[in-house]
Structure formats: structure tokens, C-alpha cells
Amino acid sequence: MTAPQPDPDQDFLAFWRERHLGVLAIPRAAGGIHLAPVGVTYDHERRLARVITSGASHKVRHLAAAGERARVSVCQVDGARWSTLEGTATVTSAPEAVAEAERRYTERYRRPRVNPRRVAIEITVTRVMGSVRPGG
């Protein structure tokens, strides 16, 4: 009799629920990559990663310069475990989208401080890479 094998999808989802900071990579208009440490959440059903930030942040300015649906990636690392979500990003200030991003951030990290200029960066995930990924 063989022992049950761990479910790679559940390992992946658990990794994205554990408290880890991520690094968001955004292209700069003048070339190069802007890297920023972020709190990030992942909605597996919608294949959507979310980052909350101020509307005046460098992240938002770089995304605006990159144009609609800029290609970005966000990763997290824990020792030898790592996972990268890659996709297209949009910035939204829609109250319901920001509230959902804040709710998810609160679940994973802690309640964010009040910020009336808060927006949500929504990343539609098109590719997953790493030692922890769906399907193993």
C-alpha cells in the first residue's frame, strides 16, 4: 500500500495563504524593471492576484506609463519554496474592487492602515512558475 501523495494544488494554495511578502516586478518606461516589496493575495477561482497601494505610488505611475494591461510578475520565496505569478495588470479605484482587495489583504496579513488614496492592482494570472505551483 502506498502512502497518499500530497495534493500539489492544495500545497500551492496554502503557500499563497501563508504570510509571505512578495516582490512585484513592473516594467519602467525608460527601460529596466521596478521591483517593489508588496503584500499580495491570490484568488485561485478568478486567477487574480491583488496588491493594494496608494494611487500616487511609483508602482501605479509605472503601470500607467506601461499602458493598459501591462505585463508584470509577483513572486514570493520561503527558503527553497518559491512561486511566481505572471500576467497582465490593471489599476482600479472602483470602491468594490478596492474593498475586496483590502478584505483579502486583512485575511492574509493584517488590517491595512486607512488610505483614502488607495487603489488595487489586479493581475490577471496567465502563467505560474516555481517549486510550488498547481499540478506540482
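Bear in mind that the values here come from a model prediction, so they are computed numbers and not experimental data.
When all heavy atoms of V60 and G55 are compared, the pair lying nearest together is CG1-O, 3.4 Å. Of all the heavy atoms in A120 and A97, the pair that sits closest is CB-O, 4.3 Å. Taking both residues in full, the closest heavy atoms of P27 and V72 are given as CD-CG1, 4.3 Å, listed atom of the first, atom of the second, then distance. The two residues V119 and S93 make their nearest non-hydrogen contact at CG1-CB, 4.0 Å. Shortest non-hydrogen contact noted between P112 and T106 is CD-OG1, 3.3 Å. Taking each heavy atom of G87 and T126 in turn, the nearest pair found is CA-OG1, 3.6 Å.
For residues 67-122, every residue pair satisfying the ring pair (Phe, Tyr, Trp, His ring centres under 6.0 Å) rule, not counting sequence neighbours, is listed here: Y105-Y109.
Atom CG of L48 and atom CD1 of I123 lie 8.0 Å apart (nearest 0.5 Å). Note that the CZ atom of R133 and the CG atom of L85 stand 13.0 Å from one another [nearest 0.5 Å]. Between L63 atom CG and S57 atom OG the span is 8.0 Å, to the nearest 0.5 Å. The distance from atom OG of S73 to atom CG of L24, rounded to the nearest 0.5 Å, is 7.5 Å.
Crowding of R103 atom CZ: a count of heavy atoms from other residues, nucleotides or ligands under 6.0 Å exceeding 12.
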Criterion side-chain contact (heavy atoms from CB on, under 4.5 Å) on R81 and H20, from CA distance to verdict:
CA-CA 11 Å; R81 298 184 313 152; H20 301 290; 3.8 Å; yes
The test is side-chain contact (heavy atoms from CB on, under 4.5 Å); show your working for I121 and K59 and say whether it passes.
CA-CA 9 Å; I121 298 171; K59 295 180 281 299; 4.1 Å; yes
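With hydrogens and angles disregarded, no donor-acceptor distance shorter than 3.5 Å links the side chain of S83 to the backbone of S131. With R108 contributing its side chain and W16 its backbone, the two residues share a donor-acceptor pair below 3.5 Å. Without hydrogens or angle criteria, R71 side chain to E86 main chain gives no donor-acceptor distance under 3.5 Å.
Transitive grouping of hydrophobic side chains (ILVMFWY, heavy atoms separated by less than 4.5 Å) keeps I26 and V23 in distinct clusters. Follow the hydrophobic side-chain contacts under 4.5 Å out from V128 and you reach L13 in the same cluster. Each of M129 and V74 belongs to its own hydrophobic cluster when Ile, Leu, Val, Met, Phe, Trp and Tyr are linked at side-chain heavy-atom distances under 4.5 angstrom.
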Anything under 3.5 Å between a donor and an acceptor, one on a side chain of residues 33-45, the other on a protein residue two or more places apart or in another chain? List them.
unit_1, atom_1, unit_2, atom_2, d
D43, OD1, E45, N, 3.3
D43, OD1, R46, N, 3.2
D43, OD2, R104, NH2, 3.2

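In this structure, T90 and T92 have side chains that are not in contact, with every pair of non-hydrogen atoms separated by 4.5 Å or more.
A salt bridge does not link E102 to R50: none of the charged nitrogens lies less than 4.0 Å from a carboxylate oxygen.
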